[in-house]
Amino acid sequence: MVESARLSLHVPEPAVRPGGHPDFSNVKIAKAGSVPRPEVDVASEDIRDLAYSIIRVLNRDGEAVGPWAGSLTDEELLTGLRNMMKLRAFDARMLMAQRQGKTSFYMQHLGEEAVSCAFRKALQKGDMNFPTYRQAGLLIADDYPMVEMMNQIYSNESDPLRGRQLPIMYSSKEHGFFTISGNLATQYVQAVGWAMASAIKNDSRIAAAWIGDGSTAESDFHSALVFASTYKAPVILNIVNNQWAISTFQGIARGGSGTFAARGLGFGIPALRVDGNDYLAVHAVARWAAERARRNLGPTLIEYVTYRVGAHSTSDDPSAYRPKTESEAWPLGDPVLRLKKHLIVRGVWSEERHTQAEAEILDEVIEAQRQAEGHGTLHDGGKPSVRDIFEGVYAEMPPHIRRQRQKAGY
Amino acid sequence: MARMTMIEAVRSAMDVSMARDDNVVVFGEDVGYFGGVFRCTQGLQAKYGKTRCFDTPISESGIVGTAIGMAAYGLKPCVEIQFADYMYPAYDQLTQEAARIRYRSNGDFTCPIVVRMPTGGGIFGGQTHSQSPEALFTHVCGLKVVVPSNPYDAKGLLIAAIEDPDPVMFLEPKRLYNGPFDGHHERPVTPWSKHDLGEVPEGHFTIPIGKAEIRRTGSAVTVVAYGTMVHVALAAAEDAGIDAEVIDLRSLLPLDLDTIVKSVTKTGRCVVVHEATLTSGFGAEVVSLVQEHCFYHLEAPVVRVAGWDTPYPHAQEWDYFPGPGRVGRALAEVMEA
Ligand SMILES: Cc1ncc(C[n+]2csc(CCOP(=O)(O)OP(=O)(O)O)c2C)c(N)n1
């Protein structure tokens with residue numbers, strides 16, 4: 001007879017909690033330039049290692065090295081830096097605006113700017129993103145007007161969404177940015193559907209799905225992988241692993257083993273991990289996946305290893321669940337500073353020009369804010385009409401909603 | 001014109017729509033090669049190819065979620081949930097996504113999808129093949145909800161649903177798939193081929209969503225019903241010899257309130273019948289609208305006849321199902337008051 005031990009439940013815990021000393025020594029960081037770059041038509045089983053390593057291009061000295069380097073020109077890199085700086089300045093101003101009571105809520109991207117800004121540049125006009133709430137860089141990098149974004153955040157009279165959506169839940173078909181849901185993971189599978197439609201119509205456009213590390217635990221994530229692999233949909237399945245889901249560390253969604261990228265392997269989907277704070281690496285990997293999709297080779301899953309430096313949202317206090325200095329200990333650095341350094345090493349940028357660019361960008365953001373506030377803020381000035389509550393539920397207003405609108409006096 | 005069962009009418013609606021518009025795609029579990037467990041999609045894959053009619057993994061949220069993405073692209077997906085009982089994994093996609101995309105994006109993106117599903121009991125399906133979840137959809141702003149009661153309506157309404165710019169839930173009473181049914185389970189089901197409403201145009205036609213139909217005119221009492229219960233109500237009125245007016249709602253959302261109000265104003269009495277459980281069922285909505293709009297014309301309290309507030313039993317399904325006996329007793333009750 002086997003003597004059975006008493007069972008006990010395993011509940012994963014992060015390495016440190018507030019008051020502790022941040023330690024990322026367990027995060028295995030591959031040397032920049034050390035991970036191979038396979039051909040885009042490689043079989044997924046031949047690149048299983050890429051789901052466990054981290055693709056990096058920028059080394060400590062700011063040089064671009066290895067097989068994933070060289071996908072961008074000086075001009076493109078300078079634009080990339082500018083876009084990330086813009087997003088950072090935009091975040092800072094909008095965070096302040098929330099603190100001043102001009103809007104109810106805000107979510108910033110601090111530390112994650114490279115992911116969405118670089119990714120956007122790997123897509124083409126007409127492609128469609130199904131984003132979650134921390135990818136405003138997709139809009140910034142596509143030159144969507146900041147004033148419009150602010151109008152949305154303020155829910156003012158010029159809000160393109162007529163005050164119906166929570167701040168930052170933008171929508172722009174024209175800029176390939178699907179309306180944000182707020183219900184996590186639902187849009188992952190919708191992206192796969194969009195990509196399947198493009199394939200059904202023998203189109204050349206592709207889709208991109210976005211999800212956070214925590215949200216990969218939702219069943220829609222798994223439905224999306226099933227459909228993407230079954231139909232070889234032309235979709236890029238992005239997972240932004242910023243280590244935290246509000247207060248919950250990434251190990252809760254993942255367990256102690258494997259990586260998020262490795263979730264793709266069981267589906268036969270090529271899966272890569274990339275340094276999410278390395279603009280060049282993100283762009284190179286995204287371009288690789290986009291080319292695969294466009295050549296009808298099917299989906300690619302990409303895990304961006306990054307760190308959420310700021311709070312989850314304006315309603316969150318991260319010091320309650322993680323050490324205050326954890327972001328400084330993060331081994332992959334700051335995406336803006338890393339690209340800045342690279343451009344200086346490359347000889348096309350300098351500290352002076354950077355300081356000057358910062359000032360210019362701040363002026364640009366302040367000017368956009370002035371214009372947006374001219375249309376009102378959440379509690380002050382112009383608002384969308386109350387009549388707008390009743391419009392647009394259906395293409396044509398049915399009688400019961402019309403009766404309610406009339407009853408309300410509109 | 002041709003004689004069709006409701007299954008054939010539903011299939012014909014998809015066929016006509018797929019022929020007219022390349023953007024119409026049909027998919028779901030077993031719908032492609034095999035043609036669906038009720039054979040509603042039989043032949044469509046052979047005719048339109050497997051990128052326009054195909055089998056999916058068993059993932060309802062995947063089916064509806066991908067349909068939403070396809071609709072955002074510009075296709076018109078008409079998907080099948082194998083039984084209404086299995087739509088719950090997709091409920092999130094339906095209620096929070098499909099229903100809201102137009103509103104939350106201010107028309108930037110829309111969601112013209114149709115979600116078909118066999119509903120209701122009367123085929124010994126037990127508790128997981130007999131549910132009538134319509135009230136779960138009528139509570140959701142942004143969806144439309146349609147329940148046909150015969151082949152003619154099924155075809156006209158389904159084509160209208162596919163052409164509709166908004167998401168439509170299309171509930172097919174499976175008890176009516178092969179023929180009308182008067183609620184007397186011991187009697188054989190008469191085939192649609194012996195019924196006027198089995199006579200269906202072969203080509204394209206539509207029936208507007210949001211318009212009810214009066215199936216029997218009368219002046220003593222109004223019976224409001226939809227789906228299978230339309231046939232039960234007609235049988236009950238015949239059996240009881242009551243001069244009842246029977247309204248077939250056809251669309252629950254939007255609802256044809258005018259037709260109900262006009263009829264109840266005339267008769268002064270009303271019975272509402274549905275197969276779904278009573279509490280918080282769609283009947284509650286109809287009754288409250290009737291009292292709001294017809295109060296001064298009412299001569300008796302409005303009565304509901306519905307499934308019991310229990311799961312759908314297997315062996316006793318004919319005791320669960322509101323048959324003509326129960327409807328007849330309700331008619332007598334409101335006539336006496
Ligand atoms: C279905 C659903 N459940 C819960 C929430 C509440 N919620 C909002 S963000 C969040 C954490 C998400 O974490 P992650 O996916 O890691 O993304 P991150 O915020 O780190 O970018 C939660 C639980 C939600 N929006 N939707």
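Note that the coordinates shown come from a computational prediction; the quantities given were computed from them, not determined experimentally. What you see below is based on every heavy atom in this structure, not just the backbone, and it leaves out hydrogens, waters and symmetry mates.
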- prompt: Nearest 0.5 Å, what's the CG-CZ distance between Leu166(A) and Arg104(B)?
  reply: 12.0 Å
field: Note, Tyr231(A) side chain near Thr56(B) side chain (heavy atom, < 4.5 Å)
entry: yes
- request: Please look at Asp164(B) and chain A and tell me whether the side chain, the backbone, both or neither of the residue comes under 4.5 angstrom of a heavy atom of that chain.
  value: neither
task: To the nearest 0.5 Å, tell me how far Tyr73(B) OH sits from Asp203(A) CG.
output: 3.0 Å
- request: Kindly give the heavy-atom pair with the smallest separation between Gly69(B) and Trp194(A), and that separation in Å.
  value: O-CD1, 3.3 Å
message: As an exercise, state the distance from CD1 of Ile68(B) to CD of Gln190(A), rounded to the nearest 0.5 Å.
response: 4.5 Å
- request: Check whether Ile401(A) gets within reach of chain B through its side chain, its backbone, both or neither, counting any heavy atom under 4.5 Å.
  value: neither
- prompt: What residue, out of Ile63(B), Leu289(B), Asp256(B), has the most heavy-atom pairs lying under 4.5 Å from chain A?
  reply: Ile63(B)
- prompt: Would you find more than 12 non-hydrogen atoms of other residues, nucleotides or ligands less than 6.0 Å from Ile58(B) atom CD1?
  reply: no
message: Could you check whether any side-chain heavy atom of Phe177(A) comes within less than 4.5 Å of a side-chain heavy atom of Ser105(B), counting everything from C-beta outward?
response: no
message: Given heavy-atom pairs under 4.5 angstrom as the criterion, report whether the side chain, backbone, both or neither of Asp388(A) touches chain B.
response: backbone
- line: Separation between CD (Glu218(A)) and CG (Asp92(B)), nearest 0.5 Å, reads 7.5 Å
query: Is the closest side-chain heavy-atom distance between Met196(A) and Leu75(B) below 4.5 Å?
result: no
- prompt: Where is the tightest heavy-atom contact between Phe178(A) and Ala72(B), given as atom of each residue plus distance?
  reply: CE1-CB, 3.5 Å
- request: Assess whether atom NZ of Lys407(A) is packed by more than 12 heavy atoms of other residues, nucleotides or ligands within 6.0 Å.
  value: no
Intermediate values then yes/no, side chain to side chain contact (heavy atoms under 4.5 Å, CB included), Val226(A) and Ser59(B): CA-CA 9 Å; Val226(A) 170; Ser59(B) 168; 5.5 Å; no
- request: Quick one: closest heavy-atom pair of Ser172(A) and Asp108(B), and the distance?
  value: CA-OD2, 3.2 Å
- prompt: Does NZ in Lys262(B) sit with more than 12 non-hydrogen atoms of other residues, nucleotides or ligands closer than 6.0 Å?
  reply: no
- prompt: For Phe221(A), is it the side chain, the backbone, both or neither that has a heavy atom under 4.5 Å from a heavy atom of chain B?
  reply: neither
query: Tyr103(B) and Tyr394(A): aromatic ring centres closer than 6.0 Å?
result: no
query: Using non-hydrogen atoms only, which part of Leu143(B) is less than 4.5 Å away from chain A: side chain, backbone, both, or neither?
result: backbone
From CD (Gln93(B)) to OG (Ser223(A)), nearest 0.5 Å: 8.0 Å
- prompt: Going through the checks in order, is the side chain to side chain contact (heavy atoms under 4.5 Å, CB included) test met by Arg100(B) and Thr179(A)?
  reply: CA-CA 10 Å; Arg100(B) 305 233 195 103; Thr179(A) 155; over 6 Å; no
- prompt: Given side chains that start at C-beta, do those of Asn183(A) and Glu97(B) come closer than 4.5 Å, heavy atoms only?
  reply: yes
task: Give, for atom CG of Asn106(B) and atom CZ of Arg164(A), the distance between the pair rounded to the nearest 0.5 Å.
output: 4.5 Å
Heavy-atom pair count under 4.5 Å with chain B, highest-scoring of Thr230(A), Ile200(A), Thr186(A): Thr186(A)
- prompt: Is there a donor-acceptor pair closer than 3.5 Å between any side-chain N or O of Asp166(B) and the backbone N or O of Ala395(A)?
  reply: yes
